[in-house]
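We count ligands from 1, going down the list as the structure has it; atoms in each ligand are counted the same way. Values reported hereafter were calculated over all heavy atoms of this structure, with side chains retained and with hydrogens, waters and symmetry mates removed. Small disclaimer: the values here were computed from a predicted structure and weren't measured.
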Amino acid sequence: MLSATSGTVRVAARPLTSPHPVLSLLRAICPTPSTQTGTPPLGKKNASNDTPSRIGLIGARGYTGQALINLLNEHPNMDIRHVSSRELEGQELKEYTKRKIVYENLSPEEVAQLDKDGKVDCWVMALPNGVCGPFVQALGQSSSLVVDLSADYRFDDTWGSYGLPELVQRSKIAQATRISNPGCYATGSQLALAPIVEHLGGMPTRYQVFGVSGYSGAGTKPSPKNDVNLLADNLMPYSLTGHIHEREISHHLGVPTAFIPHCASWFRGIHLTINIPLNKTMTSRDIRQIYQDRYAGEKLVKVVGEAPLVKSIQNKHGVEIGGFAVDSTGKRVVVCATIDNLNKGAATQCLQNMNLALGYDEYQGIPLD
Ligand SMILES: NC(=O)C1=CN([C@@H]2O[C@H](COP(=O)(O)OP(=O)(O)OC[C@H]3O[C@@H](n4cnc5c(N)ncnc54)[C@H](OP(=O)(O)O)[C@@H]3O)[C@@H](O)[C@H]2O)C=CC1
Ligand SMILES: CC(=O)N[C@@H](CCC(=O)OP(=O)(O)O)C(=O)O
């Protein structure tokens with residue numbers, strides 16, 4: 001456990017071997033997962049690790065890295081040991097108050113060495129797409145947990161699990177040592193569509209997701225999508241066909257998707273409006289009930305009557321789904337969803353996955369409001 005001594009924080013020694021003993025036990029007793037279905041949370045009896053885990057974060061300067069640091073700072077069992085940034089090398093990580101941490105510029109080889117020396121239990125990669133391959137390769141078959149926030153392994157069946165806890169079997173995530181964290185639009189879209197998939201009509205593309213993201217979704221590297229002058233009083237359509245999240249949603253839901261993204265002038269938060277043809281006549285009440293049943297007990301998914309507003313989801317940790325407007329034929333529904341792209345769209349979901357795979361309660365350290 002973490003304990004404060006004279007203004008510094010000491011962490012109880014733990015064996016330099018990983019994974020945790022609790023984890024090994026967890027992995028041994030969890031059944032082999034199958035396909036995406038809603039599964040109940042593992043619950044405390046399977047999430048009983050109370051030994052802190054040592055975390056290394058690569059890509060710590062970025063928006064998602066910083067959002068994760070803020071969460072880990074409040075987490076009783078997550079102990080950041082290394083943060084890497086080329087730009088901030090040598091500077092202190094002031095946002096972290098549990099111990100003094102200085103940014104390093106870690107190469108893949110240095111990451112592998114720290115890992116071999118048993119200094120880290122979990123590596124989080126918060127790097128742009130296409131950059132983390134050398135780090136993952138350098139870690140090789142290490143039994144440390146690796147969570148990747150980029151799109152690089154979301155279609156890779158050799159990776160332990162795609163980490164969307166509300167839709168993938170939680171036991172699969174808990175057993176994995178390699179977890180691919182879903183994209184932000186893709187998280188909101190899949191949660192907004194999964195309950196209605198069996199009732200989809202229309203061919204060949206069954207539904208259309210119109211998405212609008214705040215500009216933090218485009219990361220810190222300057223681009224037209226995070227140019228605040230260009231975005232002022234403006235809405236910027238981009239990647240109108242073939243966006244990677246179109247592929248990600250289609251792949252993981254198993255249904256062809258049309259995804260139409262836009263970028264807006266606010267900083268964080270995504271709004272999704274989804275047009276869904278139905279294969280039978282349904283009422284708004286029927287559909288809302290299906291969603292309520294599907295997400296009953298889910299702490300991070302809220303089903304509401306009205307269409308949710310992006311302003312209300314900013315800095316929050318869950319997804320809101322509502323609207324459920326059915327047209328006069330009864331065979332078309334419009335569902336809306338909101339998600340904070342940096343939280344449930346990235347860092348919060350990453351922490352759910354870390355908690356599951358490191359043996360803590362899934363929601364530990366996540367503000368539930
Ligand atoms: N922003 C969002 O809403 C979401 C983002 N994601 C994904 O998460 C990942 C991180 O996104 P985000 O935080 O927005 O990105 P940022 O652009 O804000 O940050 C990228 C980070 O990676 C580092 N970096 C950039 N290029 C390299 C490189 N070639 N080698 C090593 N380090 C590098 C940067 O630090 P430095 O340059 O100092 O080394 C920085 O810390 C991306 O894959 C993104 O697609 C997923 C869901 C939502
Ligand atoms: C506004 C904006 O640019 N958003 C990003 C999505 C962020 C995200 O989830 O990206 P990854 O799938 O790459 O992890 C985009 O459309 O590429």
Notebook entry, point to check: Parallel, tilted or perpendicular: which describes the rings of F267 and Y215, with under 30° parallel and over 60° perpendicular?
Noted result: perpendicular
From the list K316, Q314, H317, side chain to side chain contact (heavy atoms under 4.5 Å, CB included) with N343 holds only for H317
Which of L167, V301, I196, I321 passes side chain to side chain contact (heavy atoms under 4.5 Å, CB included) with R294? It is L167
For ligand 1, find each of its N or O atoms that sits under 3.5 Å from a protein N or O atom, and tabulate the pairs with distances to one decimal place.
from     : atom 1 : to   : atom 2 : distance (Å)
ligand 1 : 1 (N)  : S216 : O      : 3.0
ligand 1 : 3 (O)  : N341 : ND2    : 2.8
ligand 1 : 13 (O) : Y63  : N      : 3.2
ligand 1 : 13 (O) : T64  : N      : 2.9
ligand 1 : 13 (O) : T64  : OG1    : 2.8
ligand 1 : 17 (O) : T220 : N      : 3.0
ligand 1 : 17 (O) : T220 : OG1    : 3.0
ligand 1 : 18 (O) : Y63  : N      : 3.0
ligand 1 : 18 (O) : T220 : N      : 3.1
ligand 1 : 18 (O) : T220 : OG1    : 3.2
ligand 1 : 26 (N) : R86  : NH2    : 3.1
ligand 1 : 29 (N) : R86  : NH1    : 3.4
ligand 1 : 35 (O) : R61  : NE     : 3.4
ligand 1 : 37 (O) : R61  : NH2    : 2.9
ligand 1 : 37 (O) : R86  : NH2    : 2.9
ligand 1 : 38 (O) : R61  : NE     : 2.8
ligand 1 : 38 (O) : S85  : OG     : 2.6
ligand 1 : 38 (O) : R86  : N      : 3.3
ligand 1 : 38 (O) : E87  : N      : 3.0
ligand 1 : 39 (O) : R86  : N      : 2.8
ligand 1 : 39 (O) : R86  : NE     : 2.9
ligand 1 : 41 (O) : G59  : O      : 3.1
ligand 1 : 41 (O) : R61  : N      : 3.1
ligand 1 : 41 (O) : G62  : N      : 3.0
ligand 1 : 43 (O) : L127 : O      : 2.6
ligand 1 : 43 (O) : N129 : OD1    : 3.4

| message | For the residue pair K225 and Y238, would you count it as a cation-pi contact if the rule is NZ or CZ under 6.0 angstrom from the ring centre and within 45 degrees of the ring axis? | response | yes
message: I want to check a possible cation-pi pair here: R247 against F155, using under 6.0 Å from ring centre and within 45° of the ring axis as the test.
response: yes
Output for pair (L145 CG, W123 CH2), nearest 0.5 Å, gives 12.0 Å
For ligand 2, which of its N or O atoms have a protein N or O partner closer than 3.5 Å, and how long is each gap?
from     : atom 1 : to   : atom 2 : distance (Å)
ligand 2 : 3 (O)  : K225 : NZ     : 2.7
ligand 2 : 4 (N)  : G217 : O      : 3.1
ligand 2 : 4 (N)  : Y238 : OH     : 3.4
ligand 2 : 9 (O)  : C184 : N      : 3.1
ligand 2 : 9 (O)  : H245 : NE2    : 3.4
ligand 2 : 12 (O) : R154 : NH1    : 2.6
ligand 2 : 12 (O) : H245 : NE2    : 2.4
ligand 2 : 13 (O) : N129 : OD1    : 3.4
ligand 2 : 13 (O) : N129 : ND2    : 2.9
ligand 2 : 14 (O) : R154 : NH2    : 2.6
ligand 2 : 16 (O) : Y238 : OH     : 2.6
ligand 2 : 16 (O) : H243 : NE2    : 2.7

Does the ring centre of Y162 sit less than 6.0 Å away from the ring centre of H252?
yes
Less than 6.0 Å separating the ring centroids of F210 and H271?
-> no
Do R268 and N341 have a side chain donor and acceptor closer than 3.5 Å?
-> no
